[in-house]
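Down below is the structure, laid out as structure tokens.
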Amino acid sequence: MRVRSMLAMLVLLVGSAALAQDDGISWDELSDGQRQVLGQLGDNWDTLPADRQMRLSRGAERWAGMSAEERAQSRDRFDSWRELSDERRQQIRERAQLFRDLPPDEQQRIRENYRKYRGMNRDRRQQLRDRYRRMTPEQRQRLRDRLQDRPRPRHKGK
């Protein structure tokens with residue numbers, strides 16, 4: 001009997017937590033800065049799904065904490081994103097998910113390689129792009145395999 005009581009309490013606690021999560025965030029719970037950013041959604045806020053409310057509230061919090069320069073850069077990136085075709089945006093989403101699925105050390109290796117690439121002068125970057133485009137799919141795969149298998153240099157202090 002005691003096990004049943006404990007099980008019933010657990011079910012009630014978990015159920016009430018799930019219901020609380022489904023309720024989302026009320027408009028009044030948002031900060032003044034968040035409400036200002038999300039102002040146009042105020043009348044319809046309660047009709048939005050809870051997960052969307054959560055994403056919007058986090059985004060509004062980030063936006064409110066940005067400098068004018070950061071906001072301008074963000075607007076530029078968003079405008080560029082909107083100009084992409086639906087197919088290209090989907091491709092980017094899929095690649096981003098593949099990246100997020102990688103182990104952290106592999107993500108770091110990719111970030112570091114990208115930083116090195118961006119640090120190259122324009123002509124050198126173009127040479128690398130041209131050379132890669134001329135490769136056959138098999139050559140590209142061999143290059144990726146070789147880069148994957150090469151020993152990573154150890155940083156000083158590790």
So, for Gly24 and Ala50, which heavy atoms are closest and what is the spacing to 0.1 Å?
CA-CB, 3.5 Å
Smallest separation among heavy atoms of Arg89 and Arg82, with atom names
NH1-O, 3.2 Å
Yes or no on side chain to side chain contact (heavy atoms under 4.5 Å, CB included) for Trp81 and Arg88, after CA distance, side-chain angles and deciding distance?
CA-CA 9 Å; Trp81 175 258; Arg88 181 69 178 129; over 6 Å; no
Heavy-atom nearest pair, Ile25 first then Trp45, reads O-NE1, 2.6 Å
Mind checking whether Glu106 and Arg109 have side chains closer than 4.5 Å, heavy atoms only?
yes
Answer whether the closest heavy-atom distance between the side chains of Asp130 and Arg133 falls below 4.5 Å.
yes
Within 6.0 angstrom of Arg93 CZ, more than 12 heavy atoms from elsewhere
yes
Taking CE in Met120 as the centre, count heavy atoms belonging to other residues, nucleotides or ligands within less than 6.0 Å. Is the count above 12?
yes
Can you name the one residue among Arg118, Lys116, Arg111 that meets side-chain contact (heavy atoms from CB on, under 4.5 Å) with Tyr114?
Arg118
Measure the spacing between CD of Glu83 and CZ of Phe78 and express it to the nearest 0.5 Å.
11.0 Å
Looking only at heavy atoms, which two atoms of Arg35 and Trp27 are closest? And how far apart?
CD-NE1, 3.1 Å
Is there a side-chain contact between Ser67 and Glu70, using heavy atoms and a 4.5 Å cut-off?
yes
Return yes when atom CD of Gln97 has more than 12 non-hydrogen atoms of other residues, nucleotides or ligands closer than 6.0 Å, and no otherwise.
yes
Looking at every non-hydrogen atom in both residues, tell me the closest pair between Phe99 and Gln107 and how far apart they are.
O-NE2, 3.0 Å
Quick check: do Gln127 and Arg131 have side-chain heavy atoms less than 4.5 Å from each other?
no
Say whether Gln141 and Asp145, considering side chains only, have a donor N or O and an acceptor N or O under 3.5 Å apart.
yes
If Ile, Leu, Val, Met, Phe, Trp and Tyr residues are connected whenever their side-chain heavy atoms lie under 4.5 Å apart, and connections chain through other members, are Leu143 and Leu128 in the same group?
no
Any link between Leu48 and Leu30 through a network of hydrophobic side chains (Ile, Leu, Val, Met, Phe, Trp, Tyr) touching at under 4.5 Å?
yes
side-chain hydrogen bond (donor to acceptor under 3.5 Å, both in side chains) assessment of Ser26 paired with Glu29
CA-CA 5 Å; Ser26 75; Glu29 289 178 82; 3.2 Å; yes
Salt bridge flag under 4.0 Å for residues Asp51 and Arg55
yes
For atom CG of Asp43, decide whether the heavy atoms of other residues, nucleotides or ligands shown that lie under 6.0 angstrom number more than 12.
no
Is it the case that over 12 heavy atoms from other parts of the model lie below 6.0 angstrom from the CZ atom of Arg62?
no
Give, for atom CZ of Arg58 and atom CD of Gln34, the distance between the pair rounded to the nearest 0.5 Å.
11.0 Å
Quick check for you: to the nearest 0.5 Å, what is the distance between Gln91 atom CD and Leu84 atom CG?
10.0 Å
Can you find a heavy atom in the side chain of Arg140 that is under 4.5 Å from one in the side chain of Pro137?
no
Distance-only side-chain donor-acceptor flag, Gln108 / Glu112, under 3.5 Å:
no
dist Thr47:OG1 -> Leu41:CG (nearest 0.5 Å) comes out at 9.0 Å
I need the minimum non-hydrogen distance between Asp123 and Asn121, along with the two atoms involved.
N-OD1, 3.1 Å
Taking the side chain as C-beta and beyond, is there a heavy-atom pair between Gln139 and Arg142 under 4.5 Å?
yes
Let me see the working for Tyr117 and Arg129 under side-chain hydrogen bond (donor to acceptor under 3.5 Å, both in side chains), right down to the final yes or no.
CA-CA 11 Å; Tyr117 174 80; Arg129 282 193 300 269; 2.4 Å; yes
